[in-house]
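Encoded as structure tokens, the structure appears first; notes follow it.
Please read these numbers as outputs of a predicted model, since none were measured by experiment.
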Amino acid sequence: MPSDTKLTLDALVSFCKRRGFVYQSSDIYGGLNGVYDFGHLGTLMKRNIRDLWIQSLRNKKGEIVQLEGSLLGPEAVWEASVHVPGFHDPMVDCKECKKRFRADEFDLKKGCPSCGKNNWTDIREFNMMFKTQLGAMENASSTAYLRPETAQAIFINFKNVLSTSRVKIPFGIAQMGKAFRNEITPKQFLFRMREFEQMEIEWFCKGSEAPEDLAFWIEHRLLFYKTLGINPDKIRIREHESDELAHYSTSCVDVEYEFPFGWKELEGIAHRGNFDLTQHSKHSGKDLNVFDEETRESYIPHVVEASVGTDRLFLTLLFDAYHEDEIENETRVVLKLHPAIAPIKIAFMPLTKKLEEPTKALYEFYAQKGISVQYDVSGSIGKRYRRQDEIGTPFCITYDFESEQDNCVTIRNRDTTLQERIAIEKLPEYLGI
Ligand code: ATP
């Protein structure tokens with residue numbers, strides 16, 4: 001079977017459920033549209049993605065500090081960021097079948113994608129923020145919103161960070177966390193969700209340096225995807241046309257991945273000018289200038305932003321890693337995940353139940369070191385290998401009767417399926433642990 005087996009979205013959704021990566025949220029109550037829960041393997045994999053992302057931000061130009069902002073924000077923040085007046089998608093309803101659509105996603109003249117009729121309501125603007133109320137009193141000052149992006153928490157904490165972290169321009173503030181958008185039509189599984197996670201870096205620099213820093217970050221982010229082993233033929237950079245740019249953005253590119261449903265945005269990288277800090281300075285009345293020691297002038301820094309959805313990257317990595325090949329006349333599913341992304345690093349297997357005790361001792365030794373390991377005793381060794389291949393475990397270690405005598409085990413490689421005999425004491429060195 002060729003390694004570029006086409007995996008459909010539906011097949012990936014059921015694979016994720018069957019192997020405990022991702023479940024539809026509130027499944028037993030019929031499911032909540034656009035919202036998902038991550039199972040054991042999904043949770044482990046997502047944590048690996050976050051760790052690698054934060055590591056990947058290290059760079060020679062400037063420091064990166066972290067922030068974990070709140071999910072709720074008062075109306076004033078979202079007024080200043082222009083989300084209250086401007087975070088809209090155009091919405092339209094089919095009067096015949098009553099289905100609701102985003103009006104900018106297809107040609108209305110061609111009729112309803114669901115029933116084919118051509119009888120539409122007017123197009124209305126729909127604000128995608130989730131509005132809520134703080135406390136028991138309902139008035140304008142108690143209105144709050146779940147954040148539709150993580151970035152604003154960074155901008156409103158800019159002065160706090162600057163005065164407490166000993167950082168100097170240029171530097172970056174990185175944040176990962178939940179964001180919420182009331183998408184009119186959530187779809188394509190983890191691609192477009194209503195509750196999702198973002199990993200964002202806001203890089204503060206002088207306006208004159210911003211174009212160069214934007215180019216630097218585009219290269220730096222592409223290197224990240226290369227390091228993760230994503231097929232380079234499926235990653236590309238697309239520059240935004242001038243009519244696509246957000247009102248605040250001076251230039252912007254998307255890192256796109258070729259999903260089975262087409263080339264789509266994975267990450268957005270933009271020069272946002274100094275729009276955000278200027279807005280928050282105006283609306284809050286606080287001075288968000290920094291002082292340039294060289295020119296003896298105050299200025300509001302510019303921002304280069306790189307923003308990727310953790311879940312969207314998770315989906316990308318699964319699509320990219322999923323392969324089917326032929327082994328001993330059997331089709332095997334194998335997730336060729338980068339070992340650092342793989343949820344389980346090593347599976348330990350006794351050849352038979354009689355050998356459980358020494359195998360478990362070995363398993364415990366690695367589990368105690370904090371390594372993500374699994375123990376599997378059920379079924380033939382071949383079946384156990386397949387189970388691990390399917391979830392992307394790079395190594396399986398089998399303890400057999402000979403191990404009792406020679407203190408060696410068999411280690412089997414996920415990608416090559418080759419097996420080697422190796423001394424137990426040499427394992428850490430072999431595994432690079
Ligand atoms: P799109 O055009 O796909 O709606 P966007 O341009 O609105 O995305 P941004 O606001 O730039 O997205 O958000 C940055 C990143 O956050 C995106 O590149 C994507 O990876 C992720 N993201 C945005 N919206 C969603 C969503 N509804 N579900 C999952 N991830 C999302």
Give a yes or no answer on whether the side chain of D320 reaches the backbone of T316 with a donor-acceptor pair at less than 3.5 Å.
no

Is it true that, when you exclude F401 itself, more than 12 heavy atoms of the residues, nucleotides or ligands shown sit nearer than 6.0 Å to its CZ?
yes

Between Y225 and R221, is there a cation-pi geometry (under 6.0 Å to ring centre, at most 45° from the normal)?
yes

Test side chain to side chain contact (heavy atoms under 4.5 Å, CB included) on I391 and Q374; report intermediate values, then the result.
CA-CA 11 Å; I391 61 169; Q374 223 175 47; 4.1 Å; yes

P170 and D213: which non-hydrogen atoms are nearest, and at how many Å?
CB-OD2, 4.5 Å

Enter the distance from Q198:CD to D311:CG here, rounded to the nearest 0.5 Å.
9.5 Å

Verdict with reasoning, D89 to R124, per salt bridge (Lys or Arg N to Asp or Glu O under 4.0 Å):
CA-CA 8 Å; D89 268 346; R124 286 104 67 213; over 6 Å; no

Ring-face cation contact, F180 with R194, 6.0 Å cut, 45° max
no

Determine whether M349 and C396 make a side-chain contact, defined as any pair of heavy atoms from C-beta on separated by less than 4.5 Å.
yes

Should I269 and W203 count as side-chain neighbours, where that means a heavy-atom distance under 4.5 Å?
no

Residues, nucleotides or ligands: over 12 heavy atoms within 6.0 Å of E244 CD
yes

Measure the shortest side-chain to side-chain distance between E402 and L351 over non-hydrogen atoms and say whether it is less than 4.5 angstrom.
no

With no hydrogens and no angle check, is any side-chain donor or acceptor of S56 less than 3.5 Å from a backbone partner on F224?
no

Derivation of the salt bridge (Lys or Arg N to Asp or Glu O under 4.0 Å) call for E195 and K178:
CA-CA 7 Å; E195 174 182 333; K178 288 270 174 142; 2.6 Å; yes

Looking at E197 and R50, is any side-chain nitrogen of the basic one under 4.0 Å from a carboxylate oxygen of the acidic one?
yes

Before we go on, tell me: are the rings of F204 and F171 under 6.0 Å apart, centre to centre?
yes

Answer yes or no: are there more than 12 heavy-atom neighbours, outside E356 itself, under 6.0 Å from its atom CD?
yes

Can you tell me how far apart CD (Q175) and OG (S307) are? Round to the nearest 0.5 Å.
10.5 Å

For K17, is there an ion pair with D27 - N to carboxylate O distance below 4.0 angstrom?
yes

Does the distance from a Lys or Arg side-chain N to an Asp or Glu carboxylate O, for R236 and D254, drop under 4.0 Å?
no

Can you tell if the side chain of L427 reaches within under 4.5 Å of the side chain of I397, non-hydrogen atoms only?
yes

Between P343 and F21, is there a side-chain heavy-atom distance shorter than 4.5 Å?
yes

With side chains defined as the heavy atoms from C-beta onward, is the minimum distance between M129 and R147 less than 4.5 Å?
no

Under 3.5 Å: donor-acceptor pair, side chain of Q24, backbone of V35
yes

Establish, yes or no, whether the cationic atom of K61 lies under 6.0 Å from the six-membered ring centre of F216 and within 45° of the ring axis.
yes

Quick test of your reading of the model: are D51 and R47 salt-bridged, counting only N-O distances below 4.0 Å?
no

Between E256 and R238, does any NZ, NE, NH1 or NH2 come within less than 4.0 Å of an OD or OE carboxylate oxygen?
yes

State whether Y145 and K131 meet the cation-pi test: NZ (Lys) or CZ (Arg) under 6.0 Å from the six-membered ring centroid, and within 45° of the perpendicular axis.
no

Separation between CZ of F319 and CZ of F314, rounded to the nearest 0.5 Å:
12.0 Å

Between E390 and R19, is there a side-chain N and carboxylate O pair less than 4.0 Å apart?
yes

V377 and K353: CA distance, side-chain angles, deciding distance, side chain to side chain contact (heavy atoms under 4.5 Å, CB included) verdict:
CA-CA 7 Å; V377 66; K353 281 208 159 132; 4.1 Å; yes

Look at atom CG of D122 and say whether more than 12 heavy atoms of other residues, nucleotides or ligands are closer to it than 6.0 Å.
no

Is the distance between the ring centroids of Y36 and Y23 less than 6.0 Å?
no

Which heavy-atom pair separates A210 from H271 by the least distance, and what is that distance?
CB-NE2, 3.3 Å

Sidechain-backbone polar pair: T8 side chain, A11 backbone, donor-acceptor under 3.5 Å
yes

Decide yes or no for Y322 and L335: does some side-chain heavy atom of the first lie under 4.5 Å from some side-chain heavy atom of the second?
yes

Under 4.0 Å between a Lys/Arg side-chain N and an Asp/Glu carboxylate O for R58 and E63?
no

Would L57 and W217 satisfy side chain to side chain contact (heavy atoms under 4.5 Å, CB included), going step by step from the backbone distance to the final call?
CA-CA 9 Å; L57 297 180; W217 277 106; 4.0 Å; yes

Parallel, tilted or perpendicular: ring planes of F261 versus F259, cut at 30 and 60 degrees
parallel

Would you name the heavy atoms of E202 and A151 that are closest together and state the gap between them?
OE2-CB, 3.3 Å

Could you report the tightest heavy-atom contact between I341 and M45, atom names first, then the distance?
O-CG, 3.7 Å

Smallest separation among heavy atoms of K99 and S114, with atom names
NZ-OG, 3.2 Å

So if I apply the ring pair (Phe, Tyr, Trp, His ring centres under 6.0 Å) rule between F348 and each of Y366, F395, Y399, which one comes out positive?
Y366

Taking 4.0 angstrom as the limit, do R414 and D389 come out as a salt bridge?
no

Worked verdict on D376 versus K383 for salt bridge (Lys or Arg N to Asp or Glu O under 4.0 Å)
CA-CA 10 Å; D376 190 1; K383 277 221 173 77; over 6 Å; no

Check whether the ring centres of F365 and Y363 lie less than 6.0 Å apart, and answer yes or no.
no

Is any side-chain heavy atom of N182 closer than 4.5 Å to a side-chain heavy atom of F126?
yes

Under 3.5 Å, is there a donor-acceptor pair between the side chain of K345 and the main chain of A340?
yes

